[in-house]
Amino acid sequence: MTIAVIKDVLGGNYAVGDTVTVRGWVRTRRDSKAGISFINVHDGSCFDAVQAVVPNNLPNYSAEVVKLTTGCSVIISGQVAESAGQGQAFELQADNVEVVGWVEDPDTYPMAPKRHSMEYLREFAHLRARTNITGAVTRVRHCLAQAVHRFFHERGFYWISTPIITTSDAEGAGELFRVSTLDLMNLPLTDEGRVNFKEDFFGKEAFLTVSGQLNVETYACALSNVYTFGPTFRAENSNTSRHLAEFWMIEPEVAFADLEDVAKLAEEMLKYVFKAVLAERADDMAFFAERIDKEAMNRLQHVIDNDFVHMDYTDAVEILKNCGKTFNYPVEWGTDLQSEHERYLAEEHVGAPVILKNYPRDIKAFYMRQNSDGKTVAAMDVLAPGIGEIIGGSAREERLDLLDRRLEEMQLPKEEYSWYRDLRRYGTVPHAGFGLGFERLVAYVTGVQNIRDVIPFPRSPNNAEF
RNA sequence: UCCCCAGUAGCUCAGUUGGUUAGAGCGGUGGACUGUUAAUCCAUGUGUCGUUGGUUCGAAUCCAACCUGGGGAGCCA
């Protein structure tokens, strides 16, 4: 018995006449009074389902085959044949249909063979993987993840597994999820009446990481070219279509590199993974172009074919001031750009991803490298049309005195960063890196509007089902 | 967290300017027809009208609070 994945059957990897067995789930069944039934079966290996042509002389035809409904699991054996119908080159002439699992009540099976809203599908995160769209998103997501790893591997980067549990608030900003084994009903207290974390699992306060950057910098300052690719957690009460409480982030860090180097790296990486998706997931991308966003494929090709536009923050402010458009928020040097400003720059002024660089020092994180003008830091954001900031990066301040001054200005506890400061005390080097929100990348590529639909089990305020 | 919008059948929605028996399409089911393909045609069922409270002779409809979802904003990736 040759077990075949549907991708290989449809792709012509078997000869006509070969007997193969496919296993999967029924998408639709159509009966013909000519004495056959058509059963479309999907197994996740590709976008399309294979059509099994089932003759009515099979022993279980009337008892089982004609009772198959959407969602039933089956094992079907038969001969690969050129299809007499339209819509597929190959099909399966079935000579055995085994029903593995029935759908107990087709009327209440949530994944009915019809269009569902994304909001509805989200309520069935355990079943939505069976739909066309979630299947396609899942394959594209995988393709992107593989391409990211391949891209860095080919350039000599090492994948560093930075910790999920941390005991320092990496950027002194983000809201953190606490990790604790203390009994909430009976907390140990200090003499001052505070919670005594010395009795907690780690002997101190612990949290889920908001970024692997500070940790991965340590490895960049030894292995030169490194990156993280892992889950990240933010306890921010963000209720938007582009925020998750648990998301995946890719953070390369490069020793002896400056901002220009990592801006180039970001551009090359995006082009590399977009090429991979167009080459490897043409079936799924065609579906997104047809059903989600007409421009899904053109957008990627356009990014691949054109150089990214680089723009200084200072120049961007001038462009925004002189563009003749009235914004809800005023544009002024020294303040962070609002969504509407970023959107104008990426969507209208440039019409493609744009790299904004050299932001005012006072609105950026303590670790960003200060420019010689005394006003700005070597930071960049990659803004993508439709989704906004997709990448944020910077050169890191490698000069200890300047770093310490920033820690003091921002009133951050120096002791907490002793190991980070050590990197500047022992063989410091200029280095730079960036962070890419993986789900934002998947959303950008697929055209799916809500980030909650490009991760299998989204976590957001008030929602951690499944 | 703030602003706006929505919650009616399994799903997507219409409707009800407060008044008897609540509507369509899709999906499901039954049948017809057919190498069909989200087929087509015919038939068919289904509702604490989000929750709680208030106003009223009477509330699914008006009001309030709450819950849930969506859009936008902030925070950011």
Side-chain angles (χ1 to χ4, degrees), chain A residues 27-41 48-55 66-67 69-71 81-88 91 93 103 105-124 131-132 171 173-175 210-213 228 231-251 266 290-291 327-329 336-340 342-343 363-365 381-384 387-393 434-444 449-453 455 460-463 465:
Chain A
R27 184 147 278 154
T28 57
R29 189 199 85 235
R30 292 174 298 279
D31 303 319
S32 166
K33 273 296 177 294
I36 48 177
S37 288
F38 301 95
I39 299 173
N40 279 64
V41 179
D48 290 310
V50 70
Q51 172 168 278
V53 183
V54 186
V66 296
K67 289 178 180 158
T69 58
T70 304
E82 285 181 22
S83 181
Q86 293 191 339
Q88 62 279 318
E91 63 188 14
Q93 293 288 340
V103 166
D105 180 4
D107 199 24
T108 61
Y109 180 56
M111 299 295 107
K114 58 158 285 180
R115 268 191 111 135
H116 292 294
S117 66
M118 298 304 277
E119 295 78 31
Y120 173 78
L121 292 178
R122 215 174 290 147
E123 294 174 41
F124 299 93
T131 62
N132 278 334
E171 306 192 15
E175 294 168 72
V210 296
S211 166
Q213 180 200 317
T228 72
T232 327
F233 308 86
R234 304 270 170 97
E236 287 152 5
N237 192 11
S238 300
N239 292 286
T240 80
S241 56
R242 54 192 187 283
H243 287 87
L244 291 166
E246 176 181 310
F247 64 100
W248 288 62
M249 193 148 63
I250 297 148
E251 297 173 285
E290 182 195 326
R291 286 279 291 275
F327 296 106
N328 292 323
Y329 292 85
D336 217 350
L337 297 181
Q338 303 291 315
S339 286
E340 56 178 348
E342 297 183 344
R343 190 169 290 165
I363 59 171
K364 288 294 182 180
D381 281 351
V382 179
L383 309 177
I387 200 151
E389 183 180 346
I390 195 168
I391 287 177
F434 63 80
L436 164 70
F438 186 54
E439 282 73 21
R440 288 187 181 174
L441 179 70
V442 180
Y444 180 74
Q449 296 283 312
N450 196 312
I451 200 168
R452 296 171 192 188
D453 300 318
I455 188 168
S460 54
N462 267 315
N463 187 4
E465 293 303 306

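Model, not experiment: these values are computed from the prediction. Order of the sequence lines sets the chain letters (A, B, ...), proteins ahead of strands, with each chain counted from 1.
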Given [N], is OP1 or OP2 found less than 4.0 Å from the side-chain N or O atoms of [X]?
X: Ser32(A); N: C33(B); result: no
X: Gln338(A); N: G74(B); result: yes
X: Arg452(A); N: G70(B); result: yes

For [X], report the nucleic acid contact type (base, sugar-phosphate, nothing); a contact means any heavy atom under 4.0 Å.
X: Gly87(A); answer: base
X: Glu246(A); answer: nothing
X: Ser339(A); answer: sugar-phosphate
X: Leu244(A); answer: base
X: Thr232(A); answer: nothing
X: Gln93(A); answer: base

RNA chain B: stems of at least 3 consecutive Watson-Crick or G-U pairs whose donor-acceptor distances fall under 3.5 Å: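 Result, WC/G-U stems under 3.5 Å: B:1-7 with B:67-73, B:10-13 with B:23-26, B:28-32 with B:40-44, B:50-54 with B:62-66.
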Let me know the distance between [atom1] of [X] and [atom2] of [N], rounded to the nearest Å.
X: Asn237(A); N: C2(B); atom1: CG; atom2: P; result: 9 Å
X: Arg234(A); N: G74(B); atom1: CZ; atom2: C1'; result: 15 Å
X: Glu175(A); N: C75(B); atom1: CD; atom2: P; result: 13 Å
X: Phe434(A); N: C76(B); atom1: CZ; atom2: P; result: 20 Å
X: His243(A); N: U1(B); atom1: NE2; atom2: C1'; result: 13 Å
X: Glu340(A); N: C75(B); atom1: CD; atom2: P; result: 12 Å
X: Asn463(A); N: G69(B); atom1: CG; atom2: P; result: 6 Å
X: Phe327(A); N: A73(B); atom1: CZ; atom2: P; result: 13 Å

Give a yes or no answer on whether the side chain of [X] reaches the backbone of [Y] with a donor-acceptor pair at less than 3.5 Å.
X: Arg234(A); Y: Val210(A); answer: yes
X: Arg30(A); Y: Ile39(A); answer: no
X: Glu439(A); Y: Trp248(A); answer: yes
X: Ser238(A); Y: Thr240(A); answer: no
X: Asp381(A); Y: Leu383(A); answer: no
X: Glu340(A); Y: Tyr329(A); answer: yes

Taking the minimum atom-to-atom distance to the side chain of [X], which one of [options] wins?
X: Arg122(A); options: G70(B), G35(B), G74(B); answer: G70(B)
X: Tyr329(A); options: U68(B), G35(B), A73(B); answer: A73(B)
X: Thr240(A); options: G70(B), A73(B), C76(B); answer: A73(B)
X: Asp31(A); options: U34(B), G71(B), U36(B); answer: U34(B)
X: Asn462(A); options: C76(B), U68(B), A73(B); answer: U68(B)
X: Asn239(A); options: G35(B), C75(B), U1(B); answer: U1(B)
X: Arg291(A); options: G35(B), U1(B), A38(B); answer: A38(B)

Mind checking the [atom1] distance from [N] to [M]? Whole angstroms is fine.
N: U46(B); M: U55(B); atom1: C1'; value: 33 Å
N: G53(B); M: U21(B); atom1: C1'; value: 29 Å
N: A38(B); M: C75(B); atom1: P; value: 47 Å
N: U52(B); M: C13(B); atom1: C1'; value: 26 Å
N: C2(B); M: U48(B); atom1: P; value: 32 Å
N: A59(B); M: U8(B); atom1: C1'; value: 15 Å
N: G10(B); M: G47(B); atom1: C1'; value: 11 Å
N: G7(B); M: G15(B); atom1: P; value: 10 Å

Mind listing the N/O atom pairs, protein and nucleotides 9-12 of chain B, below 3.5 Å?
| from | atom 1 | to | atom 2 | distance (Å) |
| --- | --- | --- | --- | --- |
| C11(B) | O2 | Lys114(A) | NZ | 2.5 |
| U12(B) | OP1 | Ser117(A) | OG | 3.0 |

Any chance the side chains of [X] and [Y] put a donor and an acceptor closer than 3.5 Å?
X: Glu251(A); Y: Ser211(A); result: yes
X: Ser241(A); Y: Gln449(A); result: no
X: Asn132(A); Y: Arg27(A); result: yes

Given RNA chain B, 5'-ward residue of the pair Thr69(A) and Asp336(A), judged by closest heavy atom: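 The residue mapped nearer the 5' terminus is Thr69(A).
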5' priority, RNA chain B, between Gln51(A) and Ile451(A) [closest heavy atom]: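 Between the two, 5'-proximity favours Gln51(A).
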Which atom of [X] lies closest to which atom of [Y], heavy atoms considered:
X: Val103(A); Y: Thr69(A); result: CB-OG1, 3.8 Å
X: Pro110(A); Y: His116(A); result: O-NE2, 3.5 Å
X: Ala81(A); Y: Gln93(A); result: CB-CG, 3.8 Å

Pair of N/O donor and acceptor under 3.5 Å linking G74(B) base with Glu389(A) side chain: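 Not at all, since no donor on one side and acceptor on the other fall under 3.5 Å apart.
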hbond_proxy Ser238(A) side chain to C76(B) base (donor-acceptor, 3.5 Å cutoff):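 Check fails, no donor-acceptor contact within cut-off.
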Close side-chain approach of Arg452(A) to Ser460(A), heavy-atom, < 4.5 Å: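 In short, these two side chains touch, coming nearer than 4.5 Å.
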